[in-house]
Each structure stands twice: as structure tokens, then as C-alpha cells.
Amino acid sequence: MTSLDEALKTRLDTLREQNLFRELRRVDSAPGPRIEVGGRTLLNFSSNDYLGLASHPALKEAAVKAVDTFGAGAGASRLICGSLAPFHILEERLAAFKKTQAALTFSTGYAAALGTLTALLTKGDIVILDKLVHACIVDAARLSGAKLRVFDHNDLNDLENILKWANSGSRKPDCRVLIVTESVFSMDGDTAPLREMVALKEKYGAWIMVDEAHATGVLGASGRGLADELAVGHQIEIQMGTLGKALGASGGYVCGSRVLIDFLVNRARSFIFSTAPVPAAAAAAVAGIEIAQSAEGESRRKQLQSLAGLFKPETGNRKPEFRGAIIPVVLGSETRAVAAAAALREQNIFVPAIRYPTVARGAARLRITLTASHSATDLATLVRALDQIRH
Ligand SMILES: *Cc1c(COP(=O)(O)O)cnc(C)c1O
């Protein structure tokens, strides 16, 4: 063993002891409610493909057509070798979908967060995050060099106290203050009080960025997301999200003013210094947005809501007012969560055990995600298995 391998092995052994070791599970089938793993068919409750669009014929056909017309790879960054038409079509559709002036797409949601926060903020600025925001926002905030403050999850008093502190005597005139939250939280499934947060940011002269990764396609009229549903979209300076969850494709986006988008094209390093995504992904995302806004999208959302309604609150840690597709079953210790996921796999059900650092230590959980492709029978199978492993 090289000394690198020895050092890494020691660290991996520590992860194993703490039940935090992770490994990839090879899947030999397309995404869907049933997947092939190790020669077995598992009922799948792990995907963020909430509307079941990832394997939809319209998305696949759009992707194939784009490959035929525009090739398999983009060749370079969009600023270097020209910007392929599918990205422009996608950005027009996204801006219309989110009712903003403009949109910019990135290779992933992670890259969107990284590029945006580091472009907007610098040393001397202040970035204020909900305690439960996604790792990409935490990483982006750190990389930006801005002073980072965290408020307790969805706690408006705590947020207001930090805003007061930010505005206290020492705030320089050019110090920018940006609040970042998710609209539907990825590991808890609850929603942020966006109206109240927008009121606070206006009161204190801050900006706000909302990550709608788990709400886009799922919540609001035509699946436009929570900001649109609460009629605050026009007051949110930066709306971001992913094309890889309910929209069934791949990539990240930022929606906002024309000026914001022009600025990001010039300053977002994860956009500038990265090869454009494959055109097939953009074309599939366009088809995904179309379906999300169609009658079919509406009926898929209805199916999703009706499945979520079948979940008794006591099965997951799900309050009745939660409306997304995410059902956390918080078990506490990493050992219990891993054992529960293994017991479900024994029954041919795939639900991931979510552990540190995705959630806090001691807050390990099963994270069940429902999709419009599940049936009521699938759900009954899951609920029965969960009841069994609880006893
Ligand atoms: C998945 C996710 C992202 C990252 O999006 P990708 O396209 O998967 O990189 C960003 N924010 C939240 C809240 C997410 O859940």
C-alpha cells in the first residue's frame, strides 16, 4: 500500500466504525418505481424524479433528437465555442415558467449555487443561511469569502436578529447582505415561510435567494414552485433550482432579472470555466418543463399528492401541512437507520439511509420519496414493511 492509501484506509475504517461508510449500488435498469439491483427487482422510494419524467417517452425522444441534430457533446464552454440553440430555448422556457426576465443554466444545481454565490458575494459581505440548506449552498457561501451566519431552521426571529446585527452601526455602505433558503427542504420535506422572509429582507435592505430544487414541478400552479404559489416570485432576486429532479433531466438553473443573468454570464466561474452540458440534457429539460405545465403534469401532481395523503403522519415525521413528496422517518442513530434500510432491502424495498454529513449527527433517517409513477399498492407495500420493521 502507498502511504496515501494507508492514510485513506485509516479514515475509511473510522467511517465504517461510525456506520457512516457509503458505497455505490449498481442499478441495471432505467430510473423508475422498480429498479434492478444485484439481479433483484426493488421497489424504489429513493428517487427525486417526483413526476416520473426521467423515463418519459417525450423526454427520451427530445434527447435523442438533440443528439441527432447537435451531437453528443458540447465541445467547450458556451462562451468559447458558441452557445448551442437548445440552451437558449431552455432558458427562454425556464424564464417564462418562473415568470422572470431571464434564466441561465449550469451543468448542475451544485454548479449553479457555487457560481452564483461566489459571483455575487465577496469578503466583507454577509450571507445568512437557514441551518438546513443544502451542502452546495454551504460550500458556495464558504467559497465566496463572505461572512457566514446561520439561523435556526425556519426561525424568523433568529433571522431578524441576524439582519439587525448585519445592519448595526458597523455595516459599510457597500456591504451586501444575502439570505439563502430552500423552499421545500430536501431532507425534511417541510417548507420555508417565504412571504415572511421576503418581508424581512425588504425591511432590512437585504437580498434573497431561494433554492426550489424540491418544489419546482411539484408545488404551485403548473408546478412553478412555492415562490409563485405564494405570489412572491417577483420579490425574490435569485431563484435557483435543478433540472434533475421533478423535471426529469439534468442541470441547474438560476432565474431572475436580465441584469443578474448578464452578470452571471460574466462572473460565474462554474459557468465560464466548464464545458457546456450535453445538448440532449437541455432538450430533455425543455420537454420536462412542457409536461410539468400540461394537463398531464397536473394529473401527475394530483397522483403524487394523493399518494402522500395516504401516509399517516405517524409513519414518517411528516406534519399534515407538508405537501411535497419527501417523507423523512427520523431514527436518530446511524446504526438504526442503516439497519432499517437493510431490513427494507430484504423485503425488496429500496429506501436510502440518510446520515451525517447529509443530516446532523444523531439525526439519521430513512428518506422516502414518492413519485407519480408509484401506485397506491406500492405505497401499501411500503407502509406494511415500515410497520413490520418498527415492531
Ligand atoms: C439536489 C439539490 C441541489 C443540487 O442540484 P443538482 O442538479 O443535483 O446538482 C441543490 N439544492 C438542493 C436543495 C438540492 O436538493
Side-chain angles (χ1 to χ4, degrees), residues 24 31 46-51 53-54 59 87 90-91 94 98 103-118 127 129-144 150 153-154 178-192 194 197 208-219 223 225-227 236 238-255 268-271 274-278 280-282 284-285 288-289 292 322 324-328 352 354-355 357-360 365 367-371:
L24 295 170
S46 68
S47 171
N48 299 317
D49 178 22
Y50 300 123
L51 297 182
L53 298 186
L59 274 79
F87 301 118
L90 171 59
E91 286 160 358
L94 264 172
K98 292 285 179 175
L104 186 67
T105 55
F106 293 74
S107 53
T108 63
Y110 192 111
L114 216 63
T116 303
L117 288 184
T118 56
V127 60
L129 309 183
D130 183 287
K131 191 172 181 177
L132 295 188
V133 291
H134 192 263
C136 68
I137 293 166
V138 177
D139 294 354
R142 285 193 183 136
L143 189 62
S144 76
V150 174
H153 176 51
N154 278 347
L178 175 66
I179 304 166
V180 192
T181 187
E182 286 171 37
S183 60
V184 170
F185 282 86
S186 60
M187 295 300 143
D188 290 71
D190 57 342
T191 51
L194 289 185
M197 293 180 78
I208 191 166
M209 169 161 150
V210 177
D211 182 348
E212 296 242 51
H214 297 276
T216 296
V218 178
L219 292 189
L226 188 65
I236 293 169
I238 307 139
Q239 302 188 44
M240 73 156 274
T242 177
L243 306 165
K245 288 171 181 160
L247 296 177
S250 172
Y253 68 81
V254 170
C255 289
R269 295 171 64 86
S270 63
F271 175 82
S274 188
T275 301
V278 296
I289 293 168
F322 291 12
I326 302 161
I327 297 167
I354 305 289
R355 294 162 282 167
T358 308
V359 294
R365 66 197 60 187
R367 177 181 182 265
I368 298 160
T369 47
L370 305 176
T371 75

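All ligand and atom numbering here is 1-based and tracks the order in the structure. Every heavy atom of this structure was used, including side-chain atoms; hydrogens, water molecules and symmetry mates were not.
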Enquirer: How long is the gap from OG1 on Thr242 to OH on Tyr110, to the nearest 0.5 Å?
Expert: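 One finds 13.5 Å between OG1 of Thr242 and OH of Tyr110.
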Enquirer: Who's the nearest protein heavy-atom neighbour of atom 1 (C) of ligand 1, and how far?
Expert: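 It is Lys245 NZ, 1.6 Å.
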Enquirer: Give the atom numbers and elements of ligand 1 that come within less than 4.0 Å of a heavy atom of Ser186.
Expert: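 In order of number, 15 (O).
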Enquirer: Looking only at non-hydrogen atoms, find the nearest pair between His214 and Ser186 and report the distance.
Expert: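 Looks like NE2-CB, 3.0 Å.
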Enquirer: Note the single closest protein heavy atom to atom 12 (C) of ligand 1, along with its residue, its atom name and the distance in Å.
Expert: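 Ranked first by proximity to atom 12 (C) of ligand 1 is Asp211 OD2, 3.3 Å.
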Enquirer: Can you name the nearest heavy-atom pair linking Ser183 to Glu212, along with the distance?
Expert: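 Reported closest heavy-atom pair: OG-OE1, 2.6 Å.
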Enquirer: When you measure from the side chain of Asp188 to the backbone of Asp190, do you find a donor-acceptor pair of N or O atoms at a distance under 3.5 Å?
Expert: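 Here the side-chain-to-backbone pair does not exist.
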Enquirer: Just distances here: any N/O of Tyr110 and N/O of ligand 1 closer than 3.5 Å?
Expert: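 Between Tyr110 and ligand 1 (N or O atoms, distance only) the closest approach is under 3.5 Å.
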Enquirer: Within the 4.0 Å heavy-atom shell around His214, which atoms of ligand 1 are there?
Expert: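 It comes down to these atoms of ligand 1: 13 (C), 14 (C), 15 (O).
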Enquirer: Kindly compute the distance separating CD (Glu182) from CD1 (Ile137), expressed to the nearest 0.5 Å.
Expert: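 Those atoms lie 5.5 Å apart.
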Enquirer: Please confirm whether Gly251 approaches ligand 1 to less than 4.0 Å, judged on its heavy atoms.
Expert: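 Contact check Gly251 vs ligand 1: positive.
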Enquirer: Show the atoms of ligand 1 that are less than 4.0 angstrom away from any heavy atom in Ala213.
Expert: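 Selected atoms, number and element: 11 (N), 12 (C), 13 (C), 14 (C), 15 (O).
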Enquirer: Tell me the contacting part of Thr108 for ligand 1: side chain, backbone, both, or neither, using a 4.0 Å heavy-atom threshold, strictly below.
Expert: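 It is both parts that get close, each with some atom under 4.0 Å.
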Enquirer: Does ligand 1 come near enough to Cys136 that some N or O of the ligand is less than 3.5 Å from an N or O of the residue?
Expert: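 Cys136 vs ligand 1: no N/O contact under 3.5 Å.
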Enquirer: Thr242 versus ligand 1: do any nitrogen or oxygen atoms come within less than 3.5 Å of each other?
Expert: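 Among all N and O atoms of Thr242, at least one is under 3.5 Å from an N or O of ligand 1.
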Enquirer: Can you confirm whether Leu178 sits close enough to Leu117 that some side-chain heavy atom of one is under 4.5 Å from a side-chain heavy atom of the other?
Expert: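 In short, these two side chains touch, coming nearer than 4.5 Å.
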Enquirer: Closer than 4.0 Å to some heavy atom of Glu182 - which atoms of ligand 1 meet that?
Expert: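 Counting from 1, the qualifying ligand atoms are 13 (C).
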Enquirer: Quick check against the 3.5 Å criterion: does Thr216 have a side-chain atom that pairs as donor or acceptor with the backbone of Gly225?
Expert: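 Looks like no, no N/O pair under 3.5 Å.
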Enquirer: If you compare all heavy atoms of Leu219 against all heavy atoms of Val184, which two are closest, and at what distance to 0.1 Å?
Expert: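 Looking at all heavy atoms of both residues, the shortest contact is CD1-CG2, 3.6 Å.
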Enquirer: Show which atoms of ligand 1 fall inside a sub-4.0 Å distance from at least one heavy-atom site of Gly109.
Expert: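 In order of number, 4 (C), 5 (O), 6 (P), 7 (O), 9 (O).
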